[in-house]
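Working notes, beginning with the structure itself.
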Amino acid sequence: MRNIRHVPVAPTSARRLAPGTGIDAHRHDDHQLVYARRGVLAVTTGAGTWTAPATRAIWVPAGTVHSHRAYGELELHLLGLPADTNPIGLDQPTVLTVSPLLRELILACTRDPADDAPEHLRLRAVLCDQLRVSPQQPLYVPTPTAPQLRALCAILRADPADNRTLAALGKRVGASDRTLSRLFKSDLGMTFPQWRTQLRLSHALVLLAENTPVTVVAHRCGWSSASAFIDVFRRAFGHTPGRAADGGTGTGSGGPPADGEERHAVLPDDRTEHLGEMP
């Protein structure tokens, strides 16, 4: 990231971003909660990209150089918190589940950010309490540093539907599948099937924000069928991809999944291989 701006105070505001636009690389001395009430938001740092629909928010710790990108018509809500206020105790970005209560608190706090009335301060305190108990999810695509992994990941970013095995991809980048498997775990902290599933889910969110039909999304992201894609998507987000495009309001996906539906996006290896890969 070049031309990094330093904005000491993380703003609390609401704004709209057109599809494909964004906010260039910058950093704050404060923490910031980033939430897209409509559309899909991607936050990118040097470590990777976190992508979130309207049922998720992204926590950006103080000092983190990051940029934003909008997919679909984005209604962006930004909430700054002082550096000494870290309700989730993390020093790296993470994706948080947004419950109906947390969503309304975010909207209320960003509606009139200059309001310092006692009632408004109490809302922010409750919001911090909600952040503290919000489930964290590893919904991000880490950026590799090892040259061979960078080459391999670039191939799959260009075409997430590429279904070649790790061994076949290794021939393209000059490394054995055993070496690449070891690099995925040491460099990215996940297995190759897990990384590819994360990539495909992130790409799926982008396509859904662009109103791409679910069957087309499944094909473009490498799933063998729409039903296989829906299964993985439901495990990751707690609702079907058809509900992801409505911005999480009204009858959409703004509320939490039903009891027992919430799942992490990183699936155990055997499930990821079966559901995340085309046969």
Task: Main-chain N/O of A146 paired to D187 side chain as donor or acceptor, under 3.5 Å - done: yes

Open item on the list: Is there a side-chain contact (heavy atoms from CB on, under 4.5 Å) between R69 and T44? Walk through the geometry before answering.
Closed with: CA-CA 8 Å; R69 185 171 178 83; T44 298; over 6 Å; no

Open item on the list: Taking L90's backbone N and O only, do any of them form a donor-acceptor pair with N86's side chain (distance below 3.5 Å, no angle check)?
Closed with: yes

Task: Expected output: side-chain H28 to main-chain P8 donor-acceptor under 3.5 Å - done: no

Task: Rounded distance [0.5 Å steps], CG in D112 versus OG1 in T12 - done: 11.0 Å

Open item on the list: Looking at every heavy atom in both S99 and Q130, which two are closest together, and how far apart are they?
Closed with: OG-OE1, 3.8 Å

- [ ] Ignoring hydrogens and angles, tell me if any N or O in the side chain of W195 forms a donor-acceptor pair with the backbone of P142 under 3.5 Å.
- [x] yes

TODO: Could you check if a side-chain atom of Q194 sits within less than 4.5 angstrom of a side-chain atom of T197, using non-hydrogen atoms only?
DONE: no

Open item on the list: With a 3.5 Å distance limit and no angle check, can you tell me whether R200 reaches the backbone of P160 through a side-chain donor-acceptor pair?
Closed with: yes

Task: Contact check, side chains of L152 and L183, non-hydrogen atoms, under 4.5 Å - done: no

- [ ] Applying side-chain contact (heavy atoms from CB on, under 4.5 Å), run through R124 and L81 and close with a yes or a no.
- [x] CA-CA 9 Å; R124 289 175 67 93; L81 293 172; 3.4 Å; yes

Task: From CG (L123) to CD1 (I106), nearest 0.5 Å - done: 12.5 Å

Open item on the list: Test of understanding: clusters of I, L, V, M, F, W, Y form through side-chain heavy atoms closer than 4.5 Å, transitively. Do F229 and V216 belong to the same one?
Closed with: no

Task: For L156 against R196, the heavy-atom pair lying closest together - done: CD2-NH1, 3.9 Å

TODO: Indicate if L121 and V126 have the same hydrophobic cluster label, given that clusters are the connected sets of ILVMFWY residues with side-chain heavy-atom separations under 4.5 angstrom.
DONE: no

Open item on the list: Rounded at 0.5 Å granularity, tell me how far OG1 in T94 sits from CZ in R56.
Closed with: 11.0 Å

Task: For Q32 against P11, the heavy-atom pair lying closest together - done: NE2-O, 3.2 Å

For residues 15-23, tabulate all N or O donor-acceptor pairs below 3.5 Å that involve a side-chain atom, not counting sequence neighbours.
from: T21; atom 1: OG1; to: A18; atom 2: N; distance (Å): 3.2
from: T21; atom 1: OG1; to: A18; atom 2: O; distance (Å): 2.5

TODO: Look up atom CG in L131 and atom OG1 in T97, then write down how far apart they are to the nearest 0.5 Å.
DONE: 11.5 Å

Task: Same apolar cluster: L188 and I155, side chain cutoff 4.5 Å - done: yes

Open item on the list: Distance check, rounded to the nearest 0.5 Å: D177 atom CG versus L169 atom CG?
Closed with: 10.5 Å

- [ ] Just do the side-chain contact (heavy atoms from CB on, under 4.5 Å) check on L127 and L79 with the steps written out, would you?
- [x] CA-CA 10 Å; L127 183 143; L79 180 69; 3.4 Å; yes

Open item on the list: Under the criterion side-chain contact (heavy atoms from CB on, under 4.5 Å), I'd like the reasoning laid out for H239 against F233: C-alpha separation, chi angles, the key distance, then a yes or no.
Closed with: CA-CA 7 Å; H239 56 79; F233 194 94; 3.8 Å; yes

- [ ] Find out whether L96 and Q137 are in side-chain contact, i.e. whether some heavy atom of one side chain is under 4.5 Å from a heavy atom of the other.
- [x] no

Task: Non-hydrogen side-chain atoms of S134 and V98 separated by less than 4.5 Å - done: no

Task: Check: D24 main-chain N/O paired with H26 side-chain donor or acceptor under 3.5 Å - done: yes

- [ ] Give the ring-plane orientation class for H68 versus H66, where under 30° counts as parallel, over 60° as perpendicular and anything between as tilted.
- [x] perpendicular

TODO: Compare every heavy atom of L205 with every heavy atom of V40, then report the nearest pair and how far apart it is.
DONE: CG2-O, 3.5 Å

Open item on the list: Are L78 and V7 connected into the same hydrophobic cluster when the rule is that any two of I, L, V, M, F, W, Y join if their side-chain heavy atoms are below 4.5 Å apart?
Closed with: no

Task: Close side-chain approach of S202 to T49, heavy-atom, < 4.5 Å - done: no

Open item on the list: Quick check: do Y140 and P93 have side-chain heavy atoms less than 4.5 Å from each other?
Closed with: no

Task: Under 3.5 Å: donor-acceptor pair, side chain of R150, backbone of P144 - done: yes

TODO: Could you give me the CA-CA distance, side-chain angles and deciding distance for Y35 and R37, then say whether side chain to side chain donor-acceptor pair (under 3.5 Å) is met?
DONE: CA-CA 6 Å; Y35 174 63; R37 186 185 185 190; over 6 Å; no

- [ ] Please name the pair of heavy atoms, one in T143 and one in G48, separated by the smallest distance, quoted to 0.1 Å.
- [x] OG1-CA, 3.3 Å

Open item on the list: Could you check whether any side-chain heavy atom of V60 comes within less than 4.5 Å of a side-chain heavy atom of W50, counting everything from C-beta outward?
Closed with: no

Open item on the list: Can you tell me how far apart CG (D129) and CG (L102) are? Round to the nearest 0.5 Å.
Closed with: 11.0 Å

Open item on the list: Quick check: closest heavy atoms across H120 and A108, and the distance to 0.1 Å?
Closed with: CE1-O, 3.9 Å

TODO: With the side chain counted from C-beta on, respond yes when V217 and L208 share a heavy-atom pair under 4.5 Å apart, and no when they do not.
DONE: yes

